[in-house]
**Student:** 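Below is a structure I'd like to ask you about.
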Amino acid sequence: MSNQNLSDIPQPDPAWDYYITWHKLYRAKHRLDKLLNYLAGIEQTNIDTDEEIEADVVKIISQLQELMPKI
């Protein structure tokens, strides 16, 4: 998997009200994009890949849950 250069990531105005939220969503999207690319190259399921996929999905869900307001 290739790493994206920081200069390639769009940078919104830090004064924007959603600046932090945007960055958190972008990180979750980046992880999801990497997972989708990884999945595209898998021919058959196995225990190791299932565990890697599950771990990444858990991380993505955790990142998104951080954005949820505490009720």
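When reading the values below, keep in mind they use all heavy atoms of this one structure, side chains included, and skip hydrogens, waters and symmetry mates. Just so we're clear, the structure is a prediction, and the values are computed from it rather than from any experiment.
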**Student:** Working to the nearest 0.5 angstrom, can you tell me the gap between L36 CG and I53 CD1?
**Tutor:**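 L36 atom CG to I53 atom CD1 measures 10.0 Å (nearest 0.5 Å).
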**Student:** May I have the step-by-step check of side-chain contact (heavy atoms from CB on, under 4.5 Å) for V57 and L32, ending in yes or no?
**Tutor:** CA-CA 8 Å; V57 168; L32 180 58; over 6 Å; no
**Student:** Quick one: closest heavy-atom pair of L64 and A28, and the distance?
**Tutor:**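 The pair with the smallest heavy-atom distance is CD2-CB, 3.9 Å.
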**Student:** Go through the structure and list residues passing side-chain hydrogen bond (donor to acceptor under 3.5 Å, both in side chains) with S62, not counting sequence neighbours.
**Tutor:**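 Partners of S62 under the side-chain hydrogen bond (donor to acceptor under 3.5 Å, both in side chains) test: none.
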**Student:** Report the relative orientation of the aromatic rings in Y26 and H30; use parallel for angles under 30°, tilted for 30 to 60°, perpendicular for over 60°.
**Tutor:**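 The arrangement is parallel - the two ring planes meet at less than 30°.
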**Student:** Listed by chain and number, what are the side-chain hydrogen bond (donor to acceptor under 3.5 Å, both in side chains) partners of K59, not counting sequence neighbours?
**Tutor:**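 side-chain hydrogen bond (donor to acceptor under 3.5 Å, both in side chains) list for K59, sorted by chain: empty.
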**Student:** Which of parallel (below 30°), tilted (30 to 60°) and perpendicular (above 60°) describes W16 and Y18?
**Tutor:**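 W16 vs Y18 ring planes: perpendicular.
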**Student:** Side-chain heavy atoms under 4.5 angstrom apart, residues restricted to Ile, Leu, Val, Met, Phe, Trp, Tyr: same cluster for V58 and L67?
**Tutor:**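 No, separate clusters.
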**Student:** Under the rule for side-chain hydrogen bond (donor to acceptor under 3.5 Å, both in side chains), what residues qualify as partners of N46, not counting sequence neighbours?
**Tutor:**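 Here the qualifying residues are T49.
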**Student:** Restricting to salt bridge (Lys or Arg N to Asp or Glu O under 4.0 Å), what partner residues turn up for D33, sequence neighbours left out?
**Tutor:**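 Partners of D33 by the salt bridge (Lys or Arg N to Asp or Glu O under 4.0 Å) criterion, ordered by chain and then number, come out as K29.
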**Student:** If you measure from CD on E66 to OG1 on T21, what distance do you get to the nearest 0.5 Å?
**Tutor:**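 If I round to the nearest 0.5 Å, the distance is 11.0 Å.
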**Student:** Show every salt bridge (charged side-chain N to carboxylate O under 4.0 Å, His left out) that has at least one partner inside residues 14-28, sequence neighbours left out.
**Tutor:**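 Checked against salt bridge (charged side-chain N to carboxylate O under 4.0 Å, His left out) - neighbours excluded - no pair reaches residues 14-28.
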